[in-house]
Amino acid sequence: KKIIDTYIIPRLLYGLESLFITTKQKELLDGFLRDLLKKVQALPQRTANEAPYLLLNTNTAEGMLDIRLLTFFGKVISDNTSILHQVCLRQLATKSLGSNSWFVSITRLAYKYDLPSPHIFLQMSMKQTTWKKMVKKRITQYWFNKLQTSAADKSTLRRMHKETPTWTHVPLNTHAVARARLQTSLIDRKSVV
């Protein structure tokens, strides 16, 4: 997970927070990341789409991109004297919710994740770090709940929410990992019987 978060995700989403991304493009990014996570975890391709995210306790590509978009918005408008701040005010005042404006797409994201409206955020004096923490918490919780709800309906993922205590205290050596792997396979066989 650490390698994926450090090397793959930043390169996959590099610069996309400044663009208007369509739903189809988000689905393509999500499909790529999902397939990659399945390969990294050696999961079959027929595995339910929720499994690679829930097993690694990671967010979907759409969720990660939305976090980046909203935190970038926080950076853009943090300086009241900047030209971008003035552009944001004008765009939010004149454009409708059906517009393809980047600032309007931020408004739609705020509604989606039950965050304060950008209009309110512009008038508040919220710190950028506070905004970033709130955005990350709400979006992560939204996608986790959505994945959990979707996984509950799938017969192959019914036992996924049960954590195996074997992996919680495994030392990082070859013998201990092999022993834990054997223990979890025995636990899985007992639960099937």
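Residues passing the salt bridge (Lys or Arg N to Asp or Glu O under 4.0 Å) test with R68 are E17, sequence neighbours excluded. T22 is linked by a side-chain hydrogen bond (donor to acceptor under 3.5 Å, both in side chains) to Q25, counting only residues two or more places apart in sequence or in another chain.
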Verdict with reasoning, R90 to V87, per side-chain contact (heavy atoms from CB on, under 4.5 Å): CA-CA 5 Å; R90 188 178 66 236; V87 170; 4.2 Å; yes
Go through it in stages, so that I can follow the logic: the residues are W102 and I106, the test is side-chain contact (heavy atoms from CB on, under 4.5 Å), and I'd like the CA-CA distance, side-chain angles, deciding distance and then a yes or no. CA-CA 6 Å; W102 184 84; I106 295 298; 3.9 Å; yes
Go through the steps for L56 and V40 under the test side-chain contact (heavy atoms from CB on, under 4.5 Å), then give the verdict. CA-CA 10 Å; L56 284 179; V40 167; 5.5 Å; no
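The pair K112-E62 meets the salt-bridge criterion, since a charged nitrogen lies less than 4.0 angstrom from a carboxylate oxygen.
For residues 36-45, the set of pairs meeting the side chain to side chain donor-acceptor pair (under 3.5 Å) definition, not counting sequence neighbours, comprises K38-N49.
Once rounded to the nearest 0.5 Å, the distance linking CG of L115 with CG of D66 reads 10.0 Å. Distance check, rounded to the nearest 0.5 Å: CD1 of I67 to CG of L109 gives 11.0 Å. Between atom OG1 of residue T140 and atom NZ of residue K137 there is a gap of 10.5 Å, rounded to the nearest 0.5 Å.
Ring orientation note: the planes of Y113 and W143 are tilted relative to one another, at an angle of 30° to 60°.
For K26, the NZ atom is densely surrounded, since the number of other residues' heavy atoms within 6.0 Å is greater than 12.
The one candidate from T58, D30, T60, N59 that meets the side-chain hydrogen bond (donor to acceptor under 3.5 Å, both in side chains) condition with Y53 is D30.
The minimum heavy-atom distance linking D5 with P10 is given by the pair O-CD, 3.3 Å.
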